[in-house]
Amino acid sequence: MPEPKPTLVCYFDTPADLFHACEKLRDTGIKHFDAHTPFPVHGLEKAMGLKPTKLPWIVLACGTTGLFGATLMQWWMSGVDYPINISGKPAAAFQAFVPLSFEVTILLSAFGCFFGLWGLTKLPKFYDPVMKHPSWHRATDDKFFVSIEPAEPKFEEARKILESLGAHEMVEVEP
Amino acid sequence: MRRLPILGSSGKQYWRSLGELQGSAEFEASLANEFPEGATEAPSGVSRRNFLSILGASAALATLAGCRRPEEKILPYAKAPEEVIPGNALYFATALPFAGTALGLLVESHEGRPTKIEGNPRHPDSLGATNLYAQATVLDLYDPDRSQHPLERGEKRTWAEASTFLASFGQGLRTSGGKGFAVLTGAHRSPTLAKQLAKLQEVLPQAKVYAYEPLSRQNVREGAKLAFGKLLEPVRDVAKARVIAAFDSDFLALEGSAIKHARGFAETRKLDQVQDAKNLSRLYVVESSMTVTGGAADHRLRMKSGEVAGFVFALAHELAQSHGITLDGDVLASLGAAKTTNGDKAAAWVKALAKDLAANKGQSLLLAGERQPASVHAVVNLLNLALGNVGATVKFVPAFDEASDGPESLLALTKAIDAKDVETLLVLGGNPVFDAPADAEFARAFGSLMTIHVGTHVNETAAVATWHLNQAHYLESWGDVVAEDGTASIIQPLIAPLYGGKSDIEVVAAVAGIQGSGYELVRATWKAGLLDVDFERKWRRALHDGFIDGTAHRDVLPEASTADLGAAIKATKAADDGFEVTFAPDVHAYDGRFANNGWLQELPDPIYKLTWGNAALISPATARELNVTDGEHVTVDVGSGRVSLPVIVAPGQADRSVALAIGQGRRQVGRVGKDIGVDVFPLRTSAGFGFVSGATVSKGPGTTNLPRTQEHFQMEGRQLVRETTSEELLADAQVIRKMDPISPPLLSLWHDWEYKGHRWGMAVDLSTCIGCAVCVVACQAENNIPVVGPDQVLLSREMHWLRIDRYFEGTQDDPVSVSQPMTCQHCENAPCEQVCPVAATTHGPEGLNDMVYNRCIGTKYCGNNCPYKVRRFNYFNFSKREITEQRKMQYNPDVTVRTRGVMEKCSFCVQRINEAKIAAKREGLDRVPTDNVVSACAQACPTGAITFGDLNDPNSTVVKKLSLQNELGYRLLDFLNVRPRITYLAKIRNLNPELESA
Amino acid sequence: MHGRYIFPRWSNRVAPFALVGVLGAATTAAAALGYYGTTKHLEVGYEPVQPVPFSHKLHAGDLGMDCRYCHSTVEKSAFAAIPPTQTCMNCHDKVLTESVKLLPVRESAATDKPIPWVRVHNLPDYAYFDHSAHLAAGVGCSTCHGRVDQMVRVRQEQPLSMGWCLECHRNPGPALRDPADITKMDWQPDPAALSNVSFTAKNGRELQPPQHCSGCHR
Amino acid sequence: MSAASAQYAIDIDERDPSKRAPLVLGQDASFPAVTDRVAKIVEEKTPRTWLLFLALAVSLALVLAGSLAKLVWDGLGLWGLNNGVFWAWDITGFVFWIGIGHAGTLISAILFLLRQKWRTSINRAAEAMTIFAVLAALIYPTFHVGRVWLLYWVFPLPNQMSMWPNFKSPLLWDVFAVSTYATVSVLFWFVGLVPDFATLRDRAKTKTRAIVYGILSLGWRGSHRHWLTYEKAYLIFAGLSTPLVLSVHTIVSFDFATSIIPGWHTTIFPPYFVAGAVFSGFAMVVTLMVICRKAFGLENLLTIRHLENMNKIILATGSMVGYAYGMEFFIAWYSGNEYERFAFINRAFGPYAWAYWSMISCNVLAPQLFWFKKLRRSIPVMFAVGIFVNIGMWFERFVIIVTSLHRDYLPSSWSYFRPSIWDISLFVGTFGLFFTLFLLFVRFFPVIAIAEVKGVMPEADPHHHPEADHAATEAAHA
């Protein structure tokens, strides 16, 4: 196999600088880059040209499953499999099924949301090259990092752009 | 007639007797290893434990279903006794001697274990019902604290040793002609025992026989003597009476043939149509403290027991003066002298009552309480005679024997002992050392003798006796007994003596040197007696029926012979206005003999709902005067003795009259009765045997938390017990219905379930319910309901499935009282069911509200949501707590014994329903024949106030009972739309217009 | 900051493996409990050794004795009584009087001490099963007890669990037979009955096998 | 108290009263400062006082363990319950804790949806409190049953009895509602924690810390591709939790509202219970926050403004609850149903009047102090009121449950409930559990959502220009 290429990592001081940098990279048609920030910088996805996430659809699917699954289960268990006269009410009394169906809907939606999140973000991923950057510890503190992935064809172009914008500690980290 | 649960068309065959089996080896064997289901089904090693292990098991099996079950053994009979079908109950007829009469019983037996007592429908004094004590005797049989061996000065002896002793003892006596020997019996009514005693006196001419009963009926007999010149006993036929006047007499619950009285009373209160309200009887009660009878009265006048005599005299006088009742001149004169009426109300009563009685000649009935002096009984007898009631509502029959069983006989005995005329004493049953009148000083005298005590328990008397011989329980021994009206019954054993005890008959025979077992002796009596010709057939018939046909006395028609009456009347003390103390049997312990019976101790007394012990009842006014409240102690001093005990402030109690219950505070008693209640015998003298005036009562030190099952006796203006008067009812048949609370039309969100097959339901007639609480004990016996003890009752954790609610209306001092049996209503829209998260309580196709113990996880939510609060939770392992090897034998194998942590409640005796249904299936029937299921409460009810059956069966008793449900019927808390299956029939009082105003 | 710990590359593969492992273990555990935890597994096949090597195969099978000769109460009572020693002796005081195997029986007969048979079919005490009711409805011995006539030593054939009872109570048709065949061990439901489920006993009585709680629990 | 008064000076923005006071103050108003301030709590060496409190809490938790063991061994008879009052301290404690468990989710979810930025400083601790409170609450329904070893029967698991639970039972709804709530709260909380764990990981001085926090942070590296999904997930969680938190106490109230016992059977219960829950929840948050900010010097992140806002909510919900109390009485009278009327008269004047009036004074009267700005902003006052409110809310549940049960339809079955020593020990024990968990939380987890706080600071905005901003204010002054 070809020997693995390094990743380029550097950082800016303010969200604003990062924002401009990302816009630049995006406009130059650079795809394989990422921003690492201590908190979500608003509008950055536009600056990076990212598509919206599919998470809501996953949650919707789970929620619907929960709703119908729970209702169906209650109907079958108390109405079909073993109907019992309880307080003179009909065996399958849908009025009584509402609360439980609701709760299960929420529960499954929540699971969908939780696992969907980690699924889409491919976490947990304990090791990542960018963490090798000597000042990485500030990425979760007060600095705003940019990383150019080795897969990026316009790798060198990206480096120039970042240099021009005065990125700090431009380091190539081994994969 | 009500029939036994599993008696189908072929029911009678069960009523077979043990007679032919008696003596046969198999029989003895089968009884000797009297295993319950054990006989074929019980796990061995733990053999008899089956019953209780049910609960262990239900927990264990439910939870540990995971692991292989432990190996279980099955022990079949080696030789099977005839007619015992493992798993099927048998019923045998026998009789219980009680309170001067006999109760004919049918005893349910499982593989030789008597488990439940029912009344014998054909017996004149039980009429298929029972009283509290009959129900509880089966628990007594298995009382682990029963005396289990003969004792000589407290040392264990075998029966072999005891027998040799008895033989030599008798031998010695016979040589001396019985000099210095005396026998002390209770008020027994056994021909065979009488015969043995007679024989004893033949062989021991110098021996004496004394009789003593702490609740003696001597006054009644004396009263007859004073009025008619001979010892007679009254037999009342309340059913024929339209005006009933009871003077300090609890004849519906505790005096004489109470069940018969209650049934008769109920007859006179039944309504088949509204018009019958015209012919209801009217019950007047004059008494010092509220009794069951007083609670059922239409008019109740509270006065000291000591004032009753004066009142009765006044009444007699009034009848003679203004209503042309002819009385002997001397009597009339002394009546005039001795009559007293304390207050206008009493005066008004005399007039009104006299008028009502006079207007109902031949169909009125006067009764005097057993504790009232002979003179009062005499006057009452005369009035009954003069009013033409004798022969109609009351008959007189010859007394069973002439000997007195009153306190004076015990005084005589002590005198004889002190005079060294008596040196050896044989005590047959009873407990004179504990319950003798204080002034007899019997305990002292007793100690100075060589004494032999025969008894089922090691009581105070046994403890100090030279010899104690453990007596066989009446369910273990052969005997016979004569009912009030003379009807004789054979007492046959249901089980071989658990501890090899002997009956009093056998002991006397042994002393007299007569050969033969109890069985032979009893047979001998009757072979020589009525049954002489064709003996075997008649004997079997007698055992089968439970009584001997044609033994009832034909009544003697007495004539007035009042030579000594005048003097007696004058001699009758009138009450002063000091404090009076009255003595009555304790509901729990009776005269002390049931002090170790858990069912009875925990039974709430019918009026004030006290369990476990006794208290002094005082009126609210007196409580204010003494400045005491519930539970605070008072010291009662009658000069000869003083006692300190807690009070209950009792609405309806006569002012300055303190009611005490005898029989509690036993010193020598088993684990149940230990340290329960206060002994009041120190206050009871032969002079003040029924009641005594001139006592001093003062607030004493100390307080006791009284374990009562009801704390609030007001109805808070709620229509729980609905009642009206016959007048109002006749005026407006809908008067009860108009009491329905205003509520929106009861609509249901959905279609109701249909109940096509059986539809079990119950009717409770509040007009005839006297609140005697027999149903409560019957329920406890039938359904393996645990006893929880006073500490738990104090936390209101009693487990009774059926309770009797008591409410007082009117003033605190002089209230009217009503009682209402309360149990699971088996609501068709049961609120308890919907809240159970695991569906442990659900509805069956016949409308039963099923409670499944083994599914219950114990959230207790159902109990919260029950508007009637009839659900009971096993907060501890109550059933396991109280258990002993013997106790287990009483358990009903058809009812699961509940474990800790599960809810329980009335099941409408589902085990009886299922048995009947299965029996029907066996016979290929589609449905259970009419009235083949009777719930335990309905079966035991003396008045038939509770009826149970199939609401879908037009012929069933319950449907007939509900013929007036549109007028009198109502369902409790109906507005909740829970659709209870129990219908209450409103209480109808029959008031005397002249007294309403007064 | 130097010497900051950085996870090794392989650590990224741990998570997926862990996930698969946990899920796998959970499913296996559930499945195992579901199978081994039930009476179907625990009770069926229970075959204790009896104090007397009594062979149902010999008596009920080869000799063709009717079940009710010994279990005489089965039609009258909830309990199918274990026969008293008497019953054995009815024959065995003539047959095999010397047999060593029968020693305990003769002893029992002589001493009146019961033979401690080991219980095979055991229901919890809170479940009230009634033999007579089932026989009256036309449910035969073999339906619940299996081919006892082929068992040298009696063995539990059915789980006797509530679910198992309900199966039949919900659809009794296939188990119903002519009362005459009650003890017929080789009886097979006729295929017709299987298809068109009949809910009437052969004596014409309409059957409603209880499915409500108090049908079996009191 | 000098610190407090100091903030009081800073907190009102002299320059422009129309402008809200900033959410982060003074020397802490920079990214690294915020990180330090919060992370230090976890990193500094264990304080003595903390150990002391932990020891105290743990010993109480042991009381809990003991009480439960004894309870399971001997049976429910240990408690003061009787036949009639089948529920008392057990369900009271359950509803009490569940109620407290409402504030967290409310803050993190509803205030998030309402875009209330001030929530960021308090939501983390509040959510933690929620979870611990729910755990404490779960003890009661679990152990108040007679046969706890069979509790699994409430779940619809296939079994050889072929029995299913009863889906008509409010108690079953409860099981699902509460367990769902517990689960979702934990997930939500954890999602919020991940970025902060990453921060701790990257600051870690020791290898163990790095590994532990590394695992907890799942390897979070602040990638914006992740932030994008993350923020959506957070929003969805908020959207799910909002109806959930409302449903939970609604369903808890169904336990009573769907029954037929006077005093329980009341349609007002759902909103009234939710209001009460928020009420007690916020009271608890204020009580705890007041202590935390002092103990860990968080005055600049947890400003008076935060506390004041919470007190306003306490005042509002307290008044709602007060209104509900009044309304109950009106309806009881208006219904004309004698049983209803009695139930409420009995509440106020019956044997448990003492409980009723303690409830009124704690819940309705105490919060009224917050009408006054000075009191609303006074640390001691809010601390006291917070505690009163929680006492009052316990009494509310006690009053509803016990006074309704001890005297219902038939006077013959009326009784009086007295707690046993075991009722008390168990309740005290639950506090032990709660505080043990909370103390561990403040010591090892970031008590304040670092990333979120940074997110609401003006510097966080990519288009933020400090000097321009300054110019604007200058203009305003001119």
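To find a chain, count down the sequence lines: A is the first, B the second, and so on, and within it residues start at 1.
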No-hydrogen, no-angle side-chain donor-acceptor test under 3.5 Å, B/R803 and D/S412: yes
Heavy-atom contact with chain B under 4.5 Å, split by part of D/V85: backbone
Top contributor to chain D contacts, counting heavy-atom pairs under 4.5 Å, from B/N865, B/V835, B/N864: B/N864
Chain D contacts, top residue of B/K609, B/M822, B/M903, B/H712 (heavy-atom pairs, under 4.5 Å): B/H712
SG on B/C866 to CG on D/L410, rounded to 0.5 Å: 8.0 Å
Contacting moiety of D/W264, where chain B heavy atoms sit under 4.5 Å: side chain
More than 12 heavy atoms from other groups under 6.0 Å of NE2 on D/H265: no
Any D/L81 side-chain heavy atom under 4.5 Å of B/K860 side chain: yes
Flag side-chain contact, heavy atom, 4.5 Å: D/D255 against B/Y861: yes
Heavy-atom contact with chain B under 4.5 Å, split by part of D/T258: both
Heavy-atom proximity to chain D below 4.5 Å, by part of B/P831: side chain
Main-chain N/O of B/G858 paired to D/R147 side chain as donor or acceptor, under 3.5 Å: no
Check: D/I260 and B/P867 side chains under 4.5 Å, non-hydrogen atoms: yes
Part of D/R418 lying under 4.5 Å from any heavy atom of chain B: neither
Whether B/Y875 and D/F86 hold their rings parallel, tilted or perpendicular, with breakpoints at 30° and 60°: parallel
B/R900 to D/W73 - nearest heavy-atom pair and separation: NH2-O, 2.7 Å
Per-residue contact mode, D/F155 against chain B (heavy atom under 4.5 angstrom): neither
Flag if over 12 foreign heavy atoms under 6.0 Å of CG, B/D791: yes
Among B/Q792, B/R871, B/K869, residue most engaged with chain D (heavy-atom pairs, under 4.5 Å): B/K869
pair D/M161-B/R855: side-chain heavy atoms closer than 4.5 Å: yes
D/S413 side chain reached by B/V870 side chain, heavy atoms, under 4.5 Å: no
Taking every non-hydrogen atom, the tightest pair across B/L976 and D/Y409: CD2-OH, 3.2 Å
Structural part of B/E798 lying under 4.5 Å from a heavy atom of chain D: backbone
Spacing of D/S415 atom OG and B/L794 atom CG [to the nearest 0.5 Å]: 12.5 Å
Nearest heavy atoms of B/E711 and D/W414, plus distance in Å: OE1-O, 3.8 Å
B/T842 portion near chain D, given a 4.5 angstrom heavy-atom threshold: neither
B/V838/D/M163 under side-chain contact (heavy atoms from CB on, under 4.5 Å): CA gap, chis, key distance, verdict: CA-CA 8 Å; B/V838 293; D/M163 280 291 292; over 6 Å; no
Residue pair D/N166 / B/E833: nearest heavy atoms and the distance that separates them: ND2-O, 3.4 Å
B/F713 versus chain D, the contacting section by heavy-atom distance below 4.5 Å: neither
Options D/V154, D/L172, D/L405, ranked by heavy-atom pairs under 4.5 Å with chain B, top entry: D/L405
Atom pair CZ (B/F876) and CG (D/L76), whose distance is rounded to the nearest 0.5 Å: 9.0 Å
Under 4.5 Å from any heavy atom of chain B - which part of D/F256: backbone
B/I857 and D/L151, any side-chain heavy atoms less than 4.5 Å apart: yes
Smallest separation among heavy atoms of D/N83 and B/M799, with atom names: ND2-SD, 4.3 Å
Residue pair D/S169 / B/C836: nearest heavy atoms and the distance that separates them: CB-O, 3.5 Å
Residue D/F167 versus chain B: region with a heavy atom under 4.5 Å: neither
Largest heavy-atom contact set with chain D, pairs under 4.5 Å, which of B/Q710, B/E716, B/R797: B/R797
